[in-house]
Amino acid sequence: MHVSELSAVPEWLPEHLGGEGIEELYPPQADAVDAGVTEGESLVASVPTASGKTLIAELAMTASVARGGKALYIVPLRALAGEKRAEFETFEQYGLTVGVSTGNYDSDGEWLATCDIIVATSEKVDSLVRNDAPWIDQLSCVVSDEVHLVDDGHRGPTLEVTLAKLRQRNPGLQTVALSATIGNPEILADWLDAELVDSTWRPIDLKKGVHFGQAIHLEDGEQHELGVRDGEKPTAAIVRDTLDDEGSTLVFVNSRRNAEAEARRLTSTVEGALTADERDRLADIAAEIRDVSDTETSSDLANAVEEGAAFHHAGLASDHRELVEEAFRDRLLKVVSATPTLAAGVNTPSRRVVVRDWRRYSGEAGGMEPLSVLEVHQMCGRAGRPGLDPYGESLLLAKSHDELDELFDRYIWTEPEPVRSKLAAEPALRTHLLATVASGFAGSRSGLLEFLDRTLYATQTDEGGRLERVMDSMLDYLVANDFLERDGDDLTATSLGHTVSRLYLDPMSAAEIVDGLEHADERPTALGLFHLVSRTPDMYELYLRSGDREEYTMIAHEHETEMLGSVPSEFEERWDDWLSALKTASMLDDWASELDESTITDRYGIGPGDLRGKVDTAEWLLSAAERLAGELGLEWAPAVREARTRVAHGIRTELIDLAGVRGVGRKRARRLFENGIEGRADLRDAEKSVVLGALRGRTKTAENVLENVGRSDPSMTDVEPAGSVAVAGDGSDENDQSSLGEF
DNA sequence: GCACACACATCGTCTGCCTATGGCA
DNA sequence: AGACGATGTGTGTGC
């Protein structure tokens, strides 16, 4: 189908697509049009990655907007929201407006209401529904990207419930669900009353295979000798072979440590293939990486990048990740070894993909578990760059002949698993039952059952009793904790219940926080509050490593009086969880005591990305705690607020006032304080020369700071810095604010 | 015969990912 | 369960 044959799309679209080099639709796209996506028909598209799913969404959304509607594009990751926005922004020249709403980034609420296309994460959409965003009712088209994630035990139910709510609120809503190839797309189509496009077509050929010994065995029967050198690991041999063909390789491994070790090893394979120009550009990127953070992780990454290799995992700061992704797309990096972050995240295609480890440790299983077929296929799907490579190749590694056969059976010749709803689980229902009642989607037990009937779970299960059983036990829990009131069949949310739902807290987290704050006899300390929020289910835990048990048991005894709620005994089952929450709390306390980022990451065995994540979550939970304290009329709200501000900026109490000034973070605040400027009032009255001296003679910075604090004459012209302008050689004042917590 | 470097064996340790508020100085 | 890396042991070489 040619783009000029498209019906019901805005008139500018065919030409626009032509301008992007799109003349002929890919077969799945043509099928989608035949099924009526441009005419408002709901659709499930189960197609491989990189085979034009986004265009299907764009056809549906622009057509819907042209008819006077409004479209919502739901993504699973924040990082993808940015990527999609950039793609949709090309429509702005035709008068469409695009807005983004995620946890860390929000277009202005009123402006969102006027946007034609809104991009948001599923949790954000859920939250917007709970908080009655006015534009929800105006939606005419919703696109759900990576909808197979409804299978995810933790986040899947949110997507499932949110889609059900949107469809209930808006019966005419066009639903376009985009999925990876899965075993049972018909059930999704059934659930969403949608047409189905199920295709394995790809714009570039993908050859899957297994490496064993000296050879690569491809699925089409082709074999390829590799010439593995003496003592060379298979991964290195494959990377070298790809390099001979001027291609790059993506290696998936099963742990962060493995990712880092593999990258380090592969530098020796890759290094020789770099041109002088590439070396220069990589050196620049390495410098940028070092600027992001001065932790060991950061410098290890920079060292590898200088030699053309990199690792990628969630311990990296997001700036690190972006730098790596970009350098890999620009073909400067010849190999990246990554944990699954990269398989699900932004688009980073590669000539070859190696799935080095196909088993991963699982605590519950007590050992290594094989990856799902879907997951391996998602990784393999990253092979082949459209327009650059003739084909993509993805390889699994076998260590024995038996394993070779097993891998073919397990992953190459096997369809992905069917997707199954995970809604009938306690944590999911606890949260979503409360939200469903609180936001008015159901007002009784029977109403809830009716609502749940609109979910995938109901479409899928033949065991209706299970959901009902879990539901009843969760309703009991919600009533017992004063989130819901029950009167016969009727259910209403209490004012506390409403608050919890709007705050987007897991009710169990809220119950824990309320209990801790209600029973505090004295003003809680920061450590006590950090521990309180660290032990809620909304904060995931740090691992206890060997030696930690003794160390934190000692700390627990030392600070016993500060701890909120009952302290379990060492022989109770919840002791370990309680202790690892203490480890998290102690890490937050270090951060809020102005310890260096590198000291903290070193002490707790984490990466800069982990620290940022924990700080972020703590900040969010403490704001929620502050609201709960206010709601319940508890006297500790100011203490909670103080702890929140301290962790948000990473500062001790005495800097709170200064850090409230935009442009002043933990380091600048501390230096101002040391120079006798102890608060905003001081800053307004201080000698300019002192301010300039404290800010290391940075004129521009000093001017901005003075302006932000509301000083009428911020100019630093002709001002000489006072005192010792300890520029300390590095002069990297940009990095001064530390990489954390500054938005 | 000794010092040193290197190869190999042993033992202990550790193990993926991600989202979420709201309103103001 | 199994890989990494730190530590320990054994072997070979050169002086």
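A note on names: the letters A, B, ... follow the listed sequences, proteins ahead of strands, and every chain is numbered from 1.
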Check nucleotides 22-25 of chain B for protein N or O atoms closer than 3.5 Å to its own N or O atoms and list the pairs.
{"unit_1": "B/dG22", "atom_1": "OP1", "unit_2": "A/N131", "atom_2": "OD1", "d": "2.2"}
{"unit_1": "B/dG22", "atom_1": "OP1", "unit_2": "A/N131", "atom_2": "ND2", "d": "2.9"}
{"unit_1": "B/dG22", "atom_1": "OP1", "unit_2": "A/R502", "atom_2": "O", "d": "3.1"}
{"unit_1": "B/dG22", "atom_1": "OP2", "unit_2": "A/N131", "atom_2": "ND2", "d": "3.4"}
{"unit_1": "B/dG22", "atom_1": "N2", "unit_2": "A/R644", "atom_2": "NH1", "d": "3.4"}

Exercise for review: Apply ring pair (Phe, Tyr, Trp, His ring centres under 6.0 Å) to A/Y552 and list each qualifying residue two or more places apart in sequence or on a separate chain.
Suggested key: none
Exercise for review: Please work out if A/S122 contacts a base, only the sugar-phosphate, or nothing of the nucleic acid, heavy-atom cut-off 4.0 Å.
Suggested key: nothing
Check your understanding: Can you tell which of B/dC18, C/dA1, B/dA20 lies closest to the side chain of A/H154?
Key -> B/dC18
Study note, to complete from the structure: Note: for A/H313 and A/G103 on DNA chain B, the residue whose nearest nucleotide lies more 5' is A/H313
Practice item. Pick base, sugar-phosphate or nothing for A/L621, based on heavy-atom distances below 4.0 Å to the nucleic acid. Key: nothing
Check your understanding: For A/N254, which contact category applies under a 4.0 Å heavy-atom criterion: base, sugar-phosphate, or nothing?
Key -> sugar-phosphate
Practice item. Determine the interatomic distance between P on C/dA3 and the same-named atom on B/dG16; round to the nearest Å. Key: 15 Å
Revision key, fill the gap. Those residues at least two apart in sequence (or on a different chain) that pass ring pair (Phe, Tyr, Trp, His ring centres under 6.0 Å) with A/Y73 are A/F88
Check your understanding: Heavy atoms under 4.0 Å, any strand shown: does A/R321 hit a base, just sugar-phosphate, or nothing?
Key -> sugar-phosphate
Exercise for review: Scan A/D357 against the nucleic acid and name what it touches under 4.0 Å (heavy atoms): base, sugar-phosphate only, or nothing.
Suggested key: nothing
Revision key, fill the gap. Of A/A314 and A/L544, the one whose nearest nucleotide on DNA chain B sits closer to the 5' end is A/L544
Practice item. Just need the stems in DNA chain B: three or more back-to-back Watson-Crick or G-U pairs, each with both distances under 3.5 angstrom, sorted by first number. Key: B:1-15 with C:1-15
**Study point:** ring pair (Phe, Tyr, Trp, His ring centres under 6.0 Å) partners for A/F311, two or more places apart
**Key:** A/H313
Exercise for review: Would you give a per-nucleotide map of nucleotides 7-13 of chain B, 5' to 3', where B means the base has a protein non-hydrogen atom under 4.0 Å away, S means only the sugar-phosphate does, and - means neither?
Suggested key: ------S
